[in-house]
> 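Pasting a structure below so you can have a look.
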Amino acid sequence: MPTVDGVLLRMESVGKAFGPTVAVRDASLEVHRGEVHALMGENGSGKSTIVKILSGVHAPDRGRILLAGRAVAAFRTPAAALRSGIATVFQEVLAAPNRTVFDNLWLGADGLFRIAQGPRERRRRAEAALAELLVSPPPLDALVGDLDLSDRQACAIARALLRDPDLLILDEATSALDFDTRNRLFEIVRRRVAAGSGVVLITHRMDEVREVADRVTVLRSGETVATLDGAEWTTAEVVRLMTGQAHQLGDEARTDRARRAPGDVVLQASGLRVRADAAPLDFELRAGEIVGLAGLEGQGQDAFLRALWGLGDAGGAVTRVSSRGRQPIASKHAARRARIAYVPRERRAESIFDWMSILENFTATTLRRDRRGWLLSGRSALRRLTDYVERLRIKLGRPEDGIGTLSGGNQQKVIIARSLAAEPEVLLLNDPTRGIDIGAKRDLYALLEGLAAEGLAVVMLSTELEEHLELMDRVLVFRDDELAAVFPHEGLTREALVASFFGAEELAS
């Protein structure tokens with residue numbers, strides 16, 4: 001696709017509203033061939049809506065889009081956007097879990113009466129695409145639903161790459177990837193832009209922007225506020241542009257909350273195995289603690305967290321300890337009765353009711369609190385939601401709007417609010433800030449710290465190193481499905497934490 005003056009994509013003064021909710025007010029974006037262009041902004045700033053406009057999911061209400069110098073009214077469908085050379089990988093892993101890896105890689109590749117390539121050539125290309133991304137690619141005949149989250153996302157990325165797009169959009173696509181796969185993806189990105197393609201990168205991880213982005217466009221409240229060259233921007237400047245105010249970051253922002261002595265034991269795990277042949281581990285969680293679970297992707301921390309929720313099946317026991325006595329936790333129903341709440345990692349698959357409103361999603365598990373005799377009080381439900389909207393700074397139009405009208409980060413806040421509304425005594429969080437902007441993370445940290453001060457016990461799996469350094473009282477590192485290291489907050493360093501992921505603790509000493 002030839003370009004005019006090297007410009008591959010130009011969006012000018014684009015706007016989009018959903019009823020009374022204005023998602024994009026006045027957004028402009030220019031992507032050149034041969035560049036990685038980062039699109040940054042807080043949750044609710046309009047990034048996802050712009051991506052969906054470019055991907056053929058939504059049509060803009062106004063503005064102009066030029067692709068390789070030619071005006072495009074709108075892409076009527078995702079297939080139309082793909083035919084125009086735009087492929088998108090979304091944060092929510094889009095896969096057909098009951099189909100094979102091979103089927104998923106070629107979903108949507110054919111027309112009604114046309115098959116682009118023969119099966120042998122397709123298998124060859126599919127194997128090559130996966131081998132580029134993954135150290136250990138899954139068999140093409142494996143069911144995607146049997147893969148871990150990182151490999152499922154890798155399949156979605158490989159599907160986009162197999163279309164050989166002129167413009168590749170990565171919408172928080174790296175947030176589900178493990179360390180090695182993310183690095184391999186960035187190598188592929190570098191090769192593609194060197195060959196003349198364009199890449200739009202959306203991520204809340206500043207280190208990723210610093211590593212691969214050539215330019216950065218910042219959105220705030222649905223408007224483009226700045227475009228910066230890679231050599232010009234600083235993290236502090238981007239955050240100021242995103243939020244309209246200065247924020248401290250990094251080591252300067254570490255929370256110096258009073259780390260009180262923890263309270264009584266509220267949860268115990270004894271002889272727990274996350275894999276049948278792994279070494280057993282014992283664990284105690286105390287009231288007022290925030291305990292982090294860390295490690296490379298797929299090393300057992302996810303299985304450990306789910307076992308605390310009653311979903312372990314490899315052996316051992318989990319017990320809730322309270323003034324009510326000792327309660328075995330052998331199912332999620334037992335966990336709920338014992339006032340243990342769990343926030344899953346994959347909100348679309350495990351948390352969100354797409355057909356329901358924001359208010360209905362929030363009250364889905366706590367409707368009994370809004371009963372007045374045999375009737376439900378909408379006023380009571382709205383009052384409870386409003387409290388968490390303020391505490392978590394959830395950006396929404398009307399509570400009656402569909403949950404899909406919110407950005408991914410604000411959807412996540414609603415799910416966290418739903419769990420907190422159940423008034424748990426133990427809160428289990430599975431990578432809750434994945435895809436959430438810096439400001440929203442700070443809001444969640446402050447809320448968790450306040451709740452911990454009141455006695456809430458928290459276990460939080462996180463893929464963000466800064467969260468472990470800043471927030472946690474203890475960090476448990478998992479490697480090869482076993483507990484590899486335990487770090488207290490005092491003296492914890494980034495070097496020690498990363499070294500422990502690879503079994504090289506001596507490198508940080």
Side-chain angles (χ1 to χ4, degrees), residues 1-4 7-31 33 37 39 45-96 99 103-117 156-157 159-173 197-202 217 219 222 224 348 354-355 397 401-408 411:
M1 179 187 295
T3 61
V4 177
V7 177
L8 179 58
L9 170 75
R10 180 177 286 128
M11 300 180 72
E12 299 175 347
S13 302
V14 168
K16 177 67 179 177
F18 300 93
T21 303
V22 179
V24 176
R25 194 175 308 276
D26 185 8
S28 298
L29 174 68
E30 185 176 279
V31 181
R33 275 197 178 278
H37 197 118
L39 184 60
S45 63
K47 304 186 305 297
S48 295
T49 302
I50 287 176
V51 168
K52 288 176 180 177
I53 288 172
L54 292 175
S55 304
V57 178
H58 297 319
D61 296 332
R62 61 180 180 81
R64 193 166 73 134
I65 301 174
L66 293 92
L67 194 61
R70 293 178 298 179
V72 178
F75 301 113
R76 295 185 178 277
T77 64
L82 195 57
R83 285 194 299 271
S84 297
I86 300 175
T88 303
V89 184
F90 294 94
Q91 176 184 354
E92 302 294 345
V93 180
L94 300 182
R99 303 287 293 272
D103 290 340
N104 271 270
L105 262 58
W106 292 104
L107 280 176
D110 300 320
L112 186 60
F113 303 106
R114 182 180 66 85
I115 297 176
Q117 296 163 325
I157 293 169
R159 180 170 62 222
L161 293 172
L162 282 168
R163 275 49 171 187
D164 193 24
D166 288 289
L167 180 65
L168 175 65
I169 302 174
L170 299 173
D171 183 7
E172 291 287 355
S197 297
V199 175
V200 173
L201 175 69
I202 298 176
T217 288
L219 295 175
T224 298
R348 183 171 295 277
D354 284 329
W355 64 93
D401 291 340
I403 190 76
T405 62
L406 300 183
S407 67
Q411 288 179 17

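As a basis for the values below, the full set of heavy atoms in this structure was taken, side chains included, without hydrogen atoms, waters or symmetry mates.
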> Considering all heavy atoms of both residues, which atom of G56 and which atom of A81 are nearest to each other, and what is their separation?
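So the two residues come closest at N-CB, 4.1 Å.
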> Would you say the side chain of V57 lies within less than 4.5 Å of the side chain of P78, judging by non-hydrogen atoms?
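P78 reaches V57 side chain to side chain.
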> For residues P60 and I53, report the shortest heavy-atom separation together with the two atoms involved.
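Between these two residues, the closest heavy atoms are CD-CG2, 3.8 Å.
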> Once you round to the nearest 0.5 Å, how far does CZ of R159 lie from CG of D103?
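Here the rounded value is 11.5 Å.
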> So, N104 side chain and A95 main chain: donor-acceptor pair closer than 3.5 Å or not?
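No, N104 side chain to A95 backbone: no donor-acceptor pair under 3.5 Å.
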> Give, for atom CG of L219 and atom CG of L39, the distance between the pair rounded to the nearest 0.5 Å.
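Spacing of CG (L219) from CG (L39) equals 4.5 Å.
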> Does the side chain of D166 come within less than 4.5 Å of R33's, by heavy atoms?
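The answer is yes, as the side chains (C-beta and beyond) meet within the 4.5 Å cut-off.
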> Would you say that I86 contacts L67 through its side chain, given a criterion of any heavy-atom pair below 4.5 Å between the two side chains?
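Yes. Closest side-chain heavy atoms under 4.5 Å.
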> Drop me the distance from R64's CZ to R10's CZ, to the nearest 0.5 angstrom.
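R64 CZ to R10 CZ: 7.5 Å, rounded to 0.5 Å.
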> Specify the closest pair of heavy atoms between A160 and V89, including all atoms of both residues, with the distance to one decimal.
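Closest approach of A160 to V89, heavy atoms only: CB-CG2, 3.6 Å.
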> Working to the nearest 0.5 Å, report the span between OG of S48 and CZ of F90.
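Here the interatomic distance stands at 8.5 Å.
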> Would you say V14 and I50 make side-chain contact, with heavy atoms under 4.5 Å?
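Not touching, per the 4.5 Å side-chain cut-off.
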> Is there side-chain contact between S84 and F75, with at least one heavy-atom pair below 4.5 Å?
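The answer is yes; the side chains approach within 4.5 Å.
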> Compare every heavy atom of L29 with every heavy atom of V31, then report the nearest pair and how far apart it is.
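Smallest heavy-atom distance, with atoms named: CG2-CG, 4.0 Å.
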> Is L54 close to T88 at the side-chain level, that is, under 4.5 Å between some pair of heavy atoms?
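No, their side chains stay 4.5 Å or more apart.
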> If you look at every heavy atom in A96 and L107, which pair is closest and at what distance?
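Distance-wise, the nearest heavy atoms are CB-CD1, 4.2 Å.
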> Looking at side-chain heavy atoms only, is the closest gap between I202 and L170 below 4.5 Å?
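Result no, sub-4.5 Å side-chain heavy-atom pair not found.
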> Would a distance-only check, ignoring hydrogens and angles, find a side-chain to backbone donor-acceptor pair under 3.5 Å from T405 to D401?
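Not at all, since once roles are kept as given, no pair shorter than 3.5 Å links the two residues.
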> Is any side-chain heavy atom of H37 closer than 4.5 Å to one of L201?
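SC-SC contact between L201 and H37 ruled out.
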> As an exercise, state the distance from OG of S197 to CG of D164, rounded to the nearest 0.5 Å.
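Between S197 OG and D164 CG, I get 6.5 Å after rounding to 0.5 Å.
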> Indicate yes or no: does D171 engage K47 in a salt bridge with an N to O separation below 4.0 Å.
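Salt bridge flag = no for K47 with D171.
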> List the atom of L105, the atom of R163, and the distance in Å for their closest heavy-atom pair.
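That closest heavy-atom pairing would be O-NH1, 2.6 Å.
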> Would you give the length of the straight line joining atom CE of M11 to atom OG of S28, rounded to the nearest 0.5 angstrom?
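Rounded to the nearest 0.5 Å, the CE-OG separation comes to 8.0 Å.
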> After noting the C-alpha distance and the side-chain angles of V200 and L167, does the key distance pass the side chain to side chain contact (heavy atoms under 4.5 Å, CB included) rule?
CA-CA 7 Å; V200 173; L167 180 65; 4.0 Å; yes
> So, T49 versus H58: side-chain donor-acceptor pair below 3.5 Å or not?
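Their side chains do not contain a donor-acceptor pair, so the 3.5 Å distance test is not met.
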